[in-house]
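These notes concern the structure reproduced below.
Quantities reported herein were computed from a predicted structural model and do not represent experimental measurements.
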Amino acid sequence: MLADVMEHANVPAINALLRTWTRNGQPLPTGLPKGLHDFIEYARQLPSWTDRGRLASAFEFNKKRGTYLGVLYAFDSGMMSTVIPHEARAVYYSRGGSHLKERIAKTAKLGYDIGTVNAYAPDGEMIVTCVKTRIIHAAVRHLLPQSPYWPKGVTPISQDDPMVTWHSLPTSIMRTLTAWNIPIPMAESDGYLHSWQLAGHLLGIRDEYIPASWDQAEAQARQVLDPILAPTAEGNNLADLLLNLGADLDLTLLSRPILGAFTRFVLGDKTADWLAIPREPVWSPLLEFSWGPFLAVREGILSAIPPAEDAYWMFDEFLRQFALWYVAELRMPLSIEIPQTNR
């Protein structure tokens, strides 16, 4: 359907119309091609298994940990995507590879929208973000095989790929929070899973593939995510660009060393070595020995700060500066639109 739209319709005009559709419950703009209009109306419907109570618990989860989650979506999930070979190559050779900051902002919007109190409500934006992302995936599936750099006979963003990406988001983040010994009430953990189950459905993943529990998610990730992680030239290039984000945040505090050290701390030595990220002599040991107690204080587990006040101030400032950048990026005009070219 989208291939036909891209070949025979006025894509810039369609993007201009879609730019006005921003809220979940908002009627679609008039003038869209009928096939696209009908697809969006179908794709925007929440499944019958949507549970508003579990979504309320998801908001509690996000509200308590919003600062950490913004960083993790960028440097756990985001950096992990650079060692998922199929995804790294799809990003690199599509338009997103040459407009990486814009693509990062769109990914950040997904993480931001899912954490809002009204994410799936009529006045929220998560359904719109998911459906527009699904449309972009269809466009990339049509465009990338036309690139001379894309392997012949390989389908970009097949049904398997969004499931792998899904695990690089909630499953990976839950693994990290567990490794950090963050105590999460069962209802909040379940709610967070449910919010991402709905996201998976809206992104076009078939319901039977979406994990029903964290145990299922972990078992599935061991099958479809962990074994395929590997370095590629394209992924290393994208990772290098991601690490240079510090230049846009704060040249002194959030520079390449702390972003690299945080990536090594979260994803481990093997992945960091694949990406040629050096072990930082200051930040790496600081994170290893002080991050856990810092989070324990933030979570209320420890009532007193152990003797590392300078490190704690730097961690707080790191999270604060990143959050400021994260929110500032989302306040900029950002429209998820149908691409017309590859890289």
Side-chain angles (χ1 to χ4, degrees), residues 1-45 73-74 78 81 87-114 116 119-120 123-147 150 155-157 161-162 165 169 199 202-205 238 241-242 248 326-343:
M1 176 277 298
L2 195 63
D4 183 68
V5 168
M6 295 175 71
E7 294 293 339
H8 301 105
N10 186 336
V11 174
I14 292 170
N15 280 332
L17 290 172
L18 288 176
R19 218 170 288 146
T20 67
W21 179 46
T22 59
R23 301 289 175 181
N24 298 335
Q26 183 182 342
L28 292 180
T30 57
L32 292 174
K34 185 178 186 307
L36 181 60
H37 179 281
D38 292 349
F39 170 76
I40 294 175
E41 288 293 2
Y42 157 77
R44 74 194 292 191
Q45 302 304 312
Y73 283 134
S81 71
E87 181 172 350
R89 292 188 178 109
V91 170
Y92 185 86
Y93 291 116
S94 65
R95 184 183 182 278
S98 54
H99 296 73
L100 190 62
K101 186 177 178 182
E102 176 187 307
R103 186 186 184 277
I104 292 166
K106 290 173 181 177
T107 304
K109 178 171 171 56
L110 187 78
Y112 177 82
D113 289 346
I114 200 171
T116 58
Y120 293 102
D123 61 336
E125 299 185 20
M126 186 60 180
I127 295 174
V128 175
T129 297
C130 286
V131 173
K132 286 185 176 181
T133 300
R134 186 174 177 179
I135 290 170
I136 286 181
H137 288 169
V140 170
R141 252 192 318 274
H142 174 63
L143 288 171
L144 264 186
Q146 302 172 30
S147 168
W150 187 254
T155 302
I157 317 182
D161 294 322
T165 300
L169 288 155
L202 291 165
L203 288 166
I205 299 172
L238 295 174
L241 293 173
L242 282 169
D248 294 326
Y326 189 76
V327 172
E329 287 293 302
L330 296 173
R331 285 177 178 161
M332 295 173 64
L334 181 65
S335 182
I336 301 174
E337 300 185 353
I338 301 170
Q340 294 178 269
T341 60
N342 291 310
R343 186 183 179 105

So, taking the atom named [atom1] in [X] and the one named [atom2] in [Y], what distance separates them when rounded to the nearest 0.5 Å?
X	Y	atom1	atom2	result
His142	Asn342	NE2	CG	9.5 Å
His37	Leu17	NE2	CG	11.0 Å
Leu144	Tyr93	CG	OH	10.5 Å

pair [X]-[Y]: side-chain heavy atoms closer than 4.5 Å:
X	Y	value
Leu143	Ser94	no
Phe39	Ile135	yes
Leu28	Trp21	yes
Met6	Ile338	yes
Val11	Asn15	yes
Tyr112	Glu125	no
Thr129	Ile114	no

So, [X] side chain and [Y] main chain: donor-acceptor pair closer than 3.5 Å or not?
X	Y	answer
Asn24	Val128	yes
Tyr120	Ala199	yes
Arg44	Ile127	no
Gln26	Thr22	yes

Non-hydrogen atoms of [X] and [Y] that approach each other most closely:
X	Y	answer
Leu242	Gly78	CD1-O, 3.9 Å
Arg134	Leu202	CD-O, 3.6 Å
Leu238	Ala88	CD1-O, 3.5 Å
Ala9	Ile14	CB-CD1, 3.8 Å

### Task
Give the C-alpha distance, both sets of side-chain angles, the deciding distance and a yes or no for side chain to side chain contact (heavy atoms under 4.5 Å, CB included) between Leu18 and Ile40.
CA-CA 11 Å; Leu18 288 176; Ile40 294 175; 3.9 Å; yes
### Message
Before you tell me yes or no, could you show the steps for Ile136 and Lys132 under side chain to side chain contact (heavy atoms under 4.5 Å, CB included), namely the whole-Å CA-CA distance, both residues' side-chain angles and the distance that decides it to 0.1 Å?
### Response
CA-CA 6 Å; Ile136 286 181; Lys132 286 185 176 181; 5.8 Å; no
### Task
Determine, step by step, whether Asp161 and Thr155 satisfy the side chain to side chain contact (heavy atoms under 4.5 Å, CB included) criterion, reporting the C-alpha distance in whole Å, the side-chain angles of both residues, the deciding distance to 0.1 Å, and the verdict.
CA-CA 10 Å; Asp161 294 322; Thr155 302; over 6 Å; no
### Query
Which one of Ser81, Pro162, Pro156 satisfies the side chain to side chain contact (heavy atoms under 4.5 Å, CB included) criterion with Glu87?
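Result: among Ser81, Pro162, Pro156, Ser81 is the only option passing the side chain to side chain contact (heavy atoms under 4.5 Å, CB included) with Glu87.
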